[in-house]
Amino acid sequence: MADNRPIAEGVLNTSTSQNAIPGSASGHLALVPTWLPLEVVPSSSAGSGGDGIAIGVISSTPMAIFAPSNAAIAGPHTVVEAQQGNNSLMNQHSTEMAGMGGNGGSGNGVLSGGGGDTLHHAGSGGNGIFYGGMVSSDVGSFVPVNVAVAGGPGSHAIADQSNNSAMLQGTTQIGGIGGSGGDHNTTIHDSPSGSGSALTYSGDLYAGHGGNGYFIGSMVDLNVAIFSPINIAVGAAGGSAEAHQTNNAIFDQGAIQIAGIGGNGGGFNLSSDTIFTGNHSSGSGGSGFSNGSMVDVNIGYFHPINIAVPAGGTADAQQLDHVLYDQHALQMAGIGGHGGDISNAHSALVDDILSFIHV
């Protein structure tokens with residue numbers, strides 16, 4: 001049960017000079033202006049994060065092609081040797097973020113007096129709103145070619161090729177994320193002594209409340225990776241051909257798609273009032289809303305070709321391939337934020353009524 005407190009303790013002195021401007025961060029205090037009627041006071045906010053609103057389409061379409069070629073061709077009574085080493089890193093990772101609400105500050109207070117349908121925020125996280133689409137389309141092609149041809153008697157051709165390729169096609173898509181609420185914030189509504197509806201408050205009080213996350217649209221991640229090594233050795237009559245090829249390839253096509261996530265509520269927040277009929281929220285986690293689709297399509301194509309043609313001679317074709325495909329996907333949507341710790345939303349109804357009767 002709430003401790004008794006006299007009404008006079010919460011009365012705002014309208015004859016006192018008040019320098020703080022509603023909604024300003026100066027001194028982390030938002031007071032009701034003395035020149036406004038208390039029954040029609042507009043919404044006030046202190047230390048709250050701004051809303052993030054995005055409408056449209058975010059698109060990323062990178063393309064990378066890696067096609068090294070190595071050939072050794074020896075005529076009659078000649079020796080030819082071709083050696084090639086290639087290292088390729090294709091970083092096509094994209095990060096797309098839109099509609100992110102700002103986090104609420106800490107140590108803020110909103111004080112108001114009078115009744116009316118007013119809205120007060122202290123240290124609340126801003127809402128994150130995204131309408132539209134996020135598209136990431138990555139194409140990576142790795143086609144190494146190694147050829148050794150011995151074209152006649154006494155010819156000797158050697159072709160050695162070594163290739164290392166990493167294609168990073170991961171995607172991070174985040175949209176419609178509410179900001180987290182701050183800590184140690186207070187919203188207090190204490191009406192000045194009087195009669196009528198001055199003790200009744202039907203507005204909303206929020207302290208350290210996490211912002212809501214809204215996502216309406218689609219997230220699409222399409223990755224195509226092609227790895228097709230070709231190794232050929234051709235030995236004509238009386239010739240000798242050797243083709244050696246070693247390939248190491250890594251395809252990282254992982255995707256992270258997060259949409260419509262409510263911000264976490266802050267800790268140690270308080271909202272208080274007199275006779276209250278509106279919404280109370282202190283350190284609450286924001287709601288998460290997602291209406292749309294998440295699509296993750298990964299295509300990995302691995303087609304090695306190794307050919308040895310002893311056309312009357314000697315042909316040796318050796319190919320060694322190592323491939324790693326990582327096509328994981330993490331998709332999250334419509335998740336509410338966590339509530340804060342040690343937060344208090346109460347209405348000291350009994351105390352206010354009894355105090356008012358004995359005044």
(request) Report yes if the side chains of His156 and Glu242 come closer than 4.5 Å at any heavy-atom pair, otherwise no. (result) yes
(message) Could you tell me if the side chain of Ile216 sits less than 4.5 Å from the side chain of Phe130, heavy atoms only?
(response) no
(message) Using the side-chain hydrogen bond (donor to acceptor under 3.5 Å, both in side chains) definition, which of the options Asp296, Asn298, Thr171 pairs with Asn223?
(response) Asn298
(message) If hydrophobic clusters are built from ILVMFWY residues whose side chains come within less than 4.5 Å, do Val224 and Met167 share one?
(response) no
(message) I need the minimum non-hydrogen distance between Met332 and Met294, along with the two atoms involved.
(response) O-CE, 3.0 Å
(request) Answer yes or no: is there a side-chain heavy-atom contact under 4.5 Å between Ser162 and Gln84? (result) no
(message) Tell me the closest heavy-atom pair linking Asn70 and Asp160, and the distance in Å.
(response) ND2-O, 3.2 Å
(request) Could you tell me whether the side chain of Asn264 and the main chain of Gly181 form a donor-acceptor pair under 3.5 Å? (result) no
(message) To check you understand the geometry: which heavy-atom pair defines the closest contact between Ala150 and Ala157, and what is its length?
(response) N-CB, 4.0 Å
(message) For a quick test of reading the model, state the closest non-hydrogen atom pair linking Ala72 to Ala82 and the distance between them.
(response) CB-CB, 3.8 Å
Please output the side-chain donor-acceptor pairs of residues 57-66 that fall under 3.5 Å, not counting sequence neighbours, one pair per line with the distance.
none

(message) Which heavy atom of Gln169 sits nearest to which heavy atom of Gly140, and what is that distance?
(response) NE2-N, 3.2 Å
(message) Do Thr172 and Thr95 pair up side chain to side chain, a donor and an acceptor below 3.5 Å, judged on atom types alone?
(response) no
(message) A side-chain contact here means heavy atoms from C-beta on lying under 4.5 Å apart; do Phe302 and Tyr325 qualify?
(response) yes
(request) Report yes if some heavy atom in the side chain of Ile256 is under 4.5 Å from a heavy atom in the side chain of Gln173; otherwise report no. (result) no
(message) I'd like to know if Ile226 and Ile230 are part of one continuous hydrophobic network [Ile/Leu/Val/Met/Phe/Trp/Tyr, side-chain heavy atoms within less than 4.5 Å].
(response) no
(message) Do Val149 and Val79 sit in one hydrophobic cluster, given that two such residues count as connected whenever their side-chain heavy atoms are within less than 4.5 Å of each other, even indirectly?
(response) no
(message) For a side-chain contact (heavy atoms from CB on, under 4.5 Å) check, start with the C-alpha distance between Asp321 and Gln319, then their side-chain angles and the critical distance, and finish with the verdict.
(response) CA-CA 7 Å; Asp321 301 305; Gln319 188 182 55; 3.3 Å; yes
(request) State which residues pass ring-ring contact (aromatic ring centres under 6.0 Å, His included) with Phe289; sequence neighbours excluded, sorted by chain then number. (result) Tyr214
(message) Could you report the tightest heavy-atom contact between His328 and Asp252, atom names first, then the distance?
(response) CE1-OD1, 4.4 Å
(request) State, yes or no, whether a side-chain contact exists between Phe227 and Ser141 at a heavy-atom distance under 4.5 Å. (result) no
(request) Determine, using the 4.5 Å side-chain heavy-atom cutoff (strictly less than), whether Ile73 and Val145 are members of one ILVMFWY cluster. (result) yes
(request) Could you tell me whether a side-chain N or O of Asn103 sits under 3.5 Å from a main-chain N or O of Ser180, the two making a donor and an acceptor? (result) yes
(request) Check whether any side-chain heavy atom of Val297 sits under 4.5 Å from a side-chain heavy atom of Val295, and report yes or no. (result) yes
(message) Hydrophobic cluster membership, with links at side-chain heavy-atom distances under 4.5 Å among I/L/V/M/F/W/Y: are Ile307 and Val234 in one?
(response) yes
(message) I'd like to check Ser88 versus Asn163 (side-chain heavy atoms, cut-off strictly below 4.5 Å). Are they in contact?
(response) no
(message) Can a donor-acceptor pair be found, under 3.5 Å and without considering hydrogens, that links the side chain of Asp51 to the backbone of Gly126?
(response) no
